[in-house]
Each structure stands twice: as C-alpha cells, then as structure tokens.
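Read the structure below first, then the notes.
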Amino acid sequence: MLKTAVLVSGGGTNLQALIDAAGRGEMPHVQLSLVVSNRAGAFALERAEKAGIRAEYLEKEGFEERLNALLDGEGVGLIVLAGFLRILSEGFTRRWAGRIINIHPSLIPSFCGAGYYGLRVHEAALARGVKVTGATVHFVNEIPDGGEIIAQRAVEVRPGDTPEALQRRVMEQAEWKILPEAAEAVAERLEGESDR
Ligand code: GAR
C-alpha cells in the first residue's frame, strides 16, 4: 500500500469519500496516512481524526517546508488535493511530479485555473449557460488545473439549478466517485513502478 496524504481546506466531503472507499476495500493500494489543512478548524480535520488518521493544521508561514517535513517523516508516496484551495509553488509541484493529484469541480479546460474554486466554478458554469458540467481529476503541475487529466465524469445541469444544487450534484455523481477511483489507479501504478 502506498502511504497517501490528503490536503484539505474545508468541509472535506471528498476526504470522506476517500475514507469511505478505503473502508469498503475499494482502494487496496492506498493507505490514508496523513491529512493536512491550511485552515485551522476545517471540518475535514475532524473527519480525519474520527477515522483514526493523523490530522495536522499548518499555518501560512513556512507552509511548504513544514509540509515536506511531514510528508517525508510519514514516508508519503502520493498526495491527493481534496478541496485544497491554496496554490502550491512550482518547486513543490516539481518535487512531487507524478505523485500529486487534484479534484476540480468542472470538465477541464472549462471553468478552471486561478480564481475558479468551490462554488465559484458552479456560478460561472450557470452564468455561461452550459447544459453539461462535471468533475476532473488531474496531475498537479505548476499551472493551476493545468496538469495531465486522469479522469473525468459529466453531470447534467438542470433548469432552475442554483450553484449550491449543482455543486451537490457534481459532488454526488462525479467527484466522490472519480477521486477514489483515480487515487487507487495512480497508487497501483506507482507501486508497480517501484517493484520493477
Ligand atoms: C470540491 O467541490 C472540490 O472539487 C473543490 O472544492 C470543493 C471542496 O469540497 N475544489 C476546487 O475547487 C479546487 N480548485 P470538500 O471540502 O467538501 O471536499
């Protein structure tokens, strides 16, 4: 199993989807070892503690240095950004190239990049009048939402949708499914590579 860290900033429903998938035995190559938040009091930290996973908050000052120390200390081999709303530096993404993935709540390349996060993504999709949206899991590189796409799932936009209603449907029908699937697929491949 590959030791995996999940980076969060908020409620942590995607983290919960990972915890639940692991509990159902659906991620045999993923060991959830560490959850790190850049926001104190994020509910995601409570979810981690409840599941028996080490949970840490790191402040802005020296964030990436401290994060690297935590990741190295735990022997982490895969990082999952699950509602993590801070942009990581080029140096950090280079160091973890091929070992860091992110879930984004749209079909990239629509409604992505700097400024598109959380509810704003769904507000933009509704304002543009798209009839289909969805979610994407991708590798993280130095360009926000610019790394190689791993998985996508489409979700219907319905007449009268509010940003909140659309966000919930995208989570339920796409994010909570493709994130555990992609994490497992990437971990399996990375473990296979290290065996060779
Ligand atoms: C999720 O919809 C996630 O895709 C999005 O933030 C939400 C976090 O919810 N991430 C981004 O917008 C990243 N650009 P959660 O904390 O309940 O998982």
Side-chain angles (χ1 to χ4, degrees), residues 4-22 27 30 32 34-51 53 55-58 63 79-89 92-93 96 100-128 130 132-157 161-183 186:
T4 299
V6 185
L7 271 51
V8 296
S9 300
T13 64
N14 279 286
L15 168 66
Q16 193 65 52
L18 291 164
I19 292 169
D20 294 346
M27 298 196 301
V30 174
L32 298 172
L34 177 67
V35 171
V36 177
S37 173
N38 67 327
R39 274 195 31 220
F43 186 61
L45 290 170
E46 281 182 45
R47 294 182 190 269
E49 276 163 13
K50 201 168 161 210
I53 304 166
E56 300 283 350
Y57 155 69
L58 293 180
F63 180 85
I79 303 170
V80 179
L81 308 188
F84 181 68
L85 302 182
R86 186 191 151 109
I87 295 189
L88 294 163
S89 73
F92 187 90
T93 59
W96 292 95
I100 175 166
I101 69 174
N102 177 51
I103 178 86
H104 182 77
S106 75
L107 293 174
I108 290 175
S110 291
F111 313 116
C112 66
Y116 285 101
Y117 58 86
L119 212 52
R120 291 180 183 212
V121 178
H122 305 291
E123 285 166 357
L126 289 175
R128 187 65 183 83
V130 294
V132 175
T133 184
T136 302
V137 181
H138 61 92
F139 284 108
V140 174
N141 65 9
E142 70 283 3
I143 302 160
D145 300 322
E148 184 193 336
I149 291 171
I150 302 164
Q152 291 189 304
R153 189 152 306 169
V155 173
E156 176 195 29
V157 179
D161 263 348
T162 60
E164 290 80 5
L166 184 57
Q167 179 182 51
R168 182 79 193 175
R169 191 175 318 115
V170 169
M171 284 176 159
E172 284 176 355
Q173 295 185 5
E175 296 186 49
W176 300 342
K177 293 183 174 151
I178 65 172
L179 184 60
E181 287 170 9
V186 172

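Predicted, not measured: the structure shown is a model, and the values here were computed from it. When reading the values below, keep in mind they use all heavy atoms of this one structure, side chains included, and skip hydrogens, waters and symmetry mates. Read the numbers this way: they start at 1 and go in the same order the structure lists the ligands and their atoms.
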*ligand 1 and N14, any nitrogen or oxygen pair closer than 3.5 angstrom?*
yes
*Does I53 reach the side chain of I19, with side-chain heavy atoms less than 4.5 Å apart?*
yes
*Numbering the atoms of ligand 1 from 1, which are under 4.0 Å from a heavy atom of T13?*
15 (P), 16 (O), 17 (O), 18 (O)
*asked:* Distance check, rounded to the nearest 0.5 Å: E156 atom CD versus D161 atom CG?
replied: 8.5 Å
*asked:* Please tell me whether T136 and Q152 have a donor and an acceptor in their side chains that are separated by less than 3.5 angstrom.
replied: yes
*Should you measure from each heavy atom of Y116, which atoms of ligand 1 turn up under 4.0 Å away?*
14 (N)
*What closest approach, in Å, do I87 and P144 show between heavy atoms, and which atom pair accounts for it?*
CD1-CG, 3.9 Å
*asked:* For atom 8 (C) of ligand 1, what's the nearest protein heavy-atom neighbour? Residue, atom name and distance, please.
replied: G83 CA, 3.6 Å
*Is the closest basic N to carboxylate O distance between R153 and E181 below 4.0 Å?*
yes
*What atoms in ligand 1 come closer than 4.0 Å to a heavy atom of H104?*
14 (N)
*Which protein non-hydrogen atom lies closest to atom 9 (O) of ligand 1, naming both residue and atom, and how far is it?*
M171 CE, 3.5 Å
*asked:* Any donor-acceptor pair under 3.5 Å linking the side-chain atoms of S9 with those of N38?
replied: yes
*asked:* Just to confirm my output: which protein heavy-atom neighbour is closest to atom 4 (O) of ligand 1, and how far is it?
replied: E175 OE1, 2.7 Å
*Starting from atom 11 (C) of ligand 1, find the nearest protein heavy-atom neighbour and note its residue, name and distance.*
P105 CD, 3.6 Å
*For ligand 1, which atoms have a heavy atom of G118 less than 4.0 angstrom away?*
11 (C), 12 (O)
*Atom CZ of F139 with >12 non-hydrogen neighbours under 6.0 angstrom*: yes
*For atom 16 (O) of ligand 1, closest protein heavy-atom neighbour*: G12 N, 2.8 Å
_Numbering as shown, the atoms of ligand 1 that approach Y117 to under 4.0 Å (heavy-atom distance)_ = 12 (O), 14 (N)
*Is the closest basic N to carboxylate O distance between K50 and E46 below 4.0 Å?*
no
